[in-house]
Amino acid sequence: MRKTNIRNIAIISHVDHGKTTLVDGMLRQTGTFNDHQVIEDRVMDSLDLEKERGITIMAKNTAIRYGEVKINIVDTPGHADFGGEVERSLNMVDGVMLLVDASEGPLPQTRFVLKKALARRIPVVLIINKIDRPDARIEEVINEVYDLFIDLDATEEQIEFPILYTNAKRGIAHRKPEDDSTDLKPLFDTILTAIPGPEGDDGAVPQYLVTNLDYDSYVGQIAIGRLMNGVLEMRQTYSLCGEKAITPGIKFSALYTFVGLKKVLVERVEAGDIVAFSGVENLQIGDTVSSLENPQPLPRIRVDEPTVSMLFFVNNGPMAGREGKFLTSRHIRDRLEKEILRNVSLRVKPTERADAFEVCGRGELQMAILIETMRREGYEFMVSKPHVITRLESEKVFEPVERLFIDVPEEFIGILTEKLAARKGRLVNLVNKGSGRVNLEFIIPARGLIGFRTHFLTDTKGSGVMNTLFEGYEPWAGAIPQRMTGALVADRPGRTTAYACHAMADRGELLISPGTEVYGGMVVGERNRTIDMNVNIVKEKKLTNMRSSTSDQTVILRPARPMSLDQCIEFIAEDELVEVTPGSIRLRKRDLDPQVRMAHYREEKWSA
């Protein structure tokens with residue numbers, strides 16, 4: 001039986017096409033906020049990292065009322081690295097709004113999120129956003145979306161989608177580009193007519209699928225999900241159907257439904273609604289809450305397997321413990337185990353070492369977000385270079401490959417093709433639209449992309465745009481050259497001096513400024529040759545009683561190249577680590593002793 005008073009929808013799109021801005025407009029125009037209330041832009045992006053990077057990282061839900069109908073909205077991330085969030089969100093909804101930029105058209109992540117939606121056979125409403133852009137090409141973009149649907153094997157019913165034209169910043173939606181609409185009413189009306197209400201039987205056995213987890217310091221763990229069938233009530237007893245066992249006798253300390261951005265306490269919830277509850281410990285995403293006498297678990301949520309792994313180490317450097325609050329292996333293990341409870345696309349594996357953990361995820365961006373989040377929470381640790389996760393099939397090694405989409409000016413085609421060919425990339429498509437820019441498509445091993453973004457931005461002088469999409473697994477492609485330069489490594493502790501930094505000008509590029517405290521084995525710069533070099537970066541100028549006309553000349557230093565966490569992860573070589581603390585990000589060698597490093601170098605040289 002379909003409910004007519006509820007709609008559950010998700011908003012999906014490529015990064016930065018305006019999902020969260022559109023949700024802002026929907027919240028404002030349905031009276032969710034008071035007239036006097038001051039609301040910041042992109043109110044759904046509540047995490048600090050989301051505000052800084054301008055992207056959605058965690059899927060979040062809200063609810064609005066339009067007439068007599070409650071519309072539950074799930075705002076999803078647009079980046080494939082956070083695909084686990086998208087896959088979980090689609091389990092809760094009955095339809096999706098596909099947002100596409102009126103100028104850029106459907107981009108790689110559009111394909112990714114749409115593929116997941118079509119696989120679940122849920123209806124789509126196409127929204128062409130940013131129609132006020134001077135370079136908007138609405139008709140061409142619609143044709144590109146139709147091509148994308150056909151390419152993804154959409155059914156005839158799915159291809160017959162309604163189309164709306166919006167300006168999310170001004171909060172306007174049009175059924176036709178030139179009509180006289182001044183608000184989002186056409187969008188709300190289309191949601192009610194094109195998206196079916198949820199199916200659910202209030203009289204059936206309760207079935208509630210845990211799709212997301214939140215935490216509140218007052219009530220503890222909060223489960224968020226959709227009640228597929230039945231009703232849930234306070235002061236009643238239910239069963240928790242886990243992956244391996246069914247636990248009878250659970251009770252809720254609170255039941256919530258969503259109203260705007262808030263959770264509101266209720267006594268009873270009905271089938272088809274997206275609700276939350278607290279009071280049940282040891283929950284996992286994918287668990288089912290069902291009746292006490294006749295528990296009926298729902299199929300567990302399945303997400304794509306991780307493709308990249310990194311090692312997280314306890315910080316054992318000379319400066320360990322100065323800035324962080326959580327330093328030990330127990331602290332790091334507990335924090336990683338807490339993360340995998342709410343992020344189903346991550347895996348944590350133990351290693352042979354007690355002070356190291358292998359963390360597997362979807363990509364470098366997902367890893368960088370996790371590392372940055374832990375850093376801001378007061379954790380201090382070290383991470384290794386990312387490695388791809390291979391498979392063994394029929395005694396052959398298979399590795400993950402990505403489809404790389406590049407949009408660059410014409411003059412950079414040669415240099416990029418050359419660089420990607422060295423990384424085992426194959427050019428599969430080239431489109432020149434005659435505007436001076438070219439779209440290139442490559443199939444490339446995932447490990448060939450590690451460290452490529454920095455070179456890409458340098459080679460295209462910052463004018464190129466690149467996106468990746470997981471393609472599948474292919475046989476191992478052979479050795480791929482990584483960083484072609486060596487490192488300048490500090491050979492003693494102390495503070496760097498301008499005098500010593502000036503002497504390094506012809507040795508390479510420094511990554512730290514004068515006055516920075518360093519230790520032996522710390523990477524202080526990138527050398528202009530392939531072999532590492534130990535340098536005395538703390539050397540001071542000798543003072544004498546003699547005076548010279550040239551001795552006190554002003555030293556002009558080339559500015560150091562500051563590196564973000566993402567750039568550090570891309571930059572490091574196999575024998576290097578990134579030391580992450582709440583106040584600093586440092587690069588260092590795995591072995592701080594130069595004699596040990598030299599012995600390893602000789603072994604590798606002779607074995608080769």
Side-chain angles (χ1 to χ4, degrees), residues 81 84 243 284 303-321 324-375 377-392 397-400 445-447 450-451 473 476 480 482 521-523 565-566 568-581 585-593 596-597 599-601 603-604 607:
D81 277 22
E243 188 170 12
Q284 289 190 351
V303 298
D304 292 342
E305 290 297 312
T307 57
V308 171
S309 71
M310 294 176 72
L311 289 175
F312 282 49
F313 297 89
V314 173
N315 186 8
N316 59 6
M319 297 184 186
K325 292 188 292 183
F326 308 109
L327 316 169
T328 65
S329 60
R330 179 177 60 83
H331 285 136
I332 296 171
R333 183 182 63 249
D334 291 348
R335 177 61 180 83
L336 292 174
E337 287 176 351
K338 179 183 172 185
E339 183 68 25
I340 61 176
L341 286 177
R342 56 189 301 178
N343 192 338
V344 289
S345 60
L346 279 179
R347 306 277 189 278
V348 177
K349 301 177 183 176
T351 63
E352 296 176 354
R353 296 176 50 169
D355 63 343
F357 307 92
E358 184 182 2
V359 181
C360 308
R362 287 285 185 85
E364 290 176 72
L365 178 61
Q366 185 188 27
M367 293 297 199
I369 294 293
L370 171 62
I371 294 166
E372 180 65 26
T373 303
M374 290 177 64
R375 181 172 90 91
E377 292 173 359
Y379 287 85
E380 191 172 304
F381 54 99
M382 304 182 298
V383 295
S384 71
K385 183 182 179 67
H387 291 91
V388 298
I389 300 173
T390 58
R391 288 181 177 178
L392 193 62
V397 176
F398 284 75
E399 63 176 335
R447 60 196 169 96
I450 296 174
Y473 285 83
W476 184 263
I480 293 178
Q482 296 295 328
M522 180 172 161
V523 175
L565 175 62
D566 304 53
C568 288
I569 292 171
E570 286 189 354
F571 175 80
I572 57 175
E574 293 290 343
D575 64 336
E576 294 167 357
L577 299 171
V578 181
E579 183 182 337
V580 181
T581 72
I585 297 174
R586 306 182 188 96
L587 302 179
R588 53 159 281 181
K589 290 292 182 180
R590 284 198 190 213
D591 296 305
L592 299 180
D593 188 339
V596 175
R597 294 201 302 272
H600 287 322
Y601 171 72
E603 284 178 15
E604 290 177 6
S607 62

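In what follows, every heavy atom counts, from backbone to side chain, and hydrogens, waters and symmetry copies are set aside. Sequence positions, counted from 1, serve as the residue numbers for this chain.
Proximity of V388 to P445: side-chain heavy atoms (C-beta onward) are nowhere separated by under 4.5 Å. With contacts defined as side-chain heavy-atom distances shorter than 4.5 Å, the pair M382/L311 does not qualify. Counting heavy atoms from C-beta outward, F313 and V383 have side chains that stay 4.5 Å or more apart. Within the 4.5 Å cutoff, the side chain of T328 has no heavy atoms near those of the F381 side chain. Side-chain contact between I450 and K385 is present, with at least one heavy-atom pair separated by less than 4.5 Å. Side-chain contact check for L336 versus M374: some heavy-atom pair is nearer than 4.5 Å. At a threshold of 4.5 Å between non-hydrogen side-chain atoms, the residues I569 and P386 count as touching. Using a 4.5 Å cut-off on side-chain heavy atoms (C-beta onward), L587 and C568 make contact.
A salt bridge links R447 with E399: the closest approach of a Lys/Arg side-chain nitrogen to an acidic carboxylate oxygen falls below 4.0 angstrom. Electrostatic pairing of D575 and K589 counts as a salt bridge here, judged by a charged N lying under 4.0 Å from a carboxylate O.
For D355, the side-chain hydrogen bond (donor to acceptor under 3.5 Å, both in side chains) test picks out R353, with sequence neighbours left out. With sequence neighbours excluded, the residues satisfying side-chain hydrogen bond (donor to acceptor under 3.5 Å, both in side chains) with R335 are E339, E377. Residues passing the side-chain hydrogen bond (donor to acceptor under 3.5 Å, both in side chains) test with R333, sequence neighbours excluded: none. Qualifying ring-ring contact (aromatic ring centres under 6.0 Å, His included) partners for Y473, counting only residues two or more places apart in sequence or in other chains: F470. Under the ring-ring contact (aromatic ring centres under 6.0 Å, His included) criterion, F398 pairs with no residue, sequence neighbours left out.
In this structure, R588 contributes its side chain and V578 its backbone to no donor-acceptor pair below 3.5 Å. Looking only at distances, no side-chain donor or acceptor of S384 sits under 3.5 Å from a matching main-chain atom of L577. Side-chain atoms of R375 come within 3.5 Å of backbone N or O of T581 as a donor-acceptor pair. Under the 3.5 Å distance criterion, the side-chain polar atoms of D591 are left unmatched by any main-chain donor or acceptor of D593. In this structure, the side chain of E372 does not engage the main chain of A368 through any donor-acceptor pair within 3.5 Å. Here the side chain of E576 pairs a donor or acceptor atom with the backbone of A573 at under 3.5 angstrom.
Between G361 and L346, the shortest heavy-atom distance links the atoms CA-CD2, 3.8 Å. Counting all heavy atoms, side chain and backbone alike, M367 lies closest to V359 at CE-O, 3.0 Å. Nearest approach of E380 to G324, heavy atoms of both residues: OE1-N, 2.7 Å. Nearest heavy atom pair, residue I332 against residue L327, reads CD1-O, 4.1 Å. When all heavy atoms of I369 and T373 are compared, the pair lying nearest together is O-OG1, 2.7 Å.
Between the side chains of E358 and H387, no donor-acceptor pair is found at a separation under 3.5 Å.
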Given E570 and D566, is the side-chain contact (heavy atoms from CB on, under 4.5 Å) satisfied, shown in steps? CA-CA 6 Å; E570 286 189 354; D566 304 53; 5.9 Å; no
Is there a side-chain contact (heavy atoms from CB on, under 4.5 Å) between I389 and V308 once you walk through the steps? CA-CA 6 Å; I389 300 173; V308 171; 5.9 Å; no
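Counting only residues at least two apart or on different chains, no ring-ring contact (aromatic ring centres under 6.0 Å, His included) pair has a member in residues 346-373.
Classified by interplanar angle (parallel below 30°, tilted 30° to 60°, perpendicular above 60°), the ring pair F326/H331 is perpendicular.
Rounding to the nearest 0.5 Å places OG of S309 at 13.0 Å from CZ of R347.
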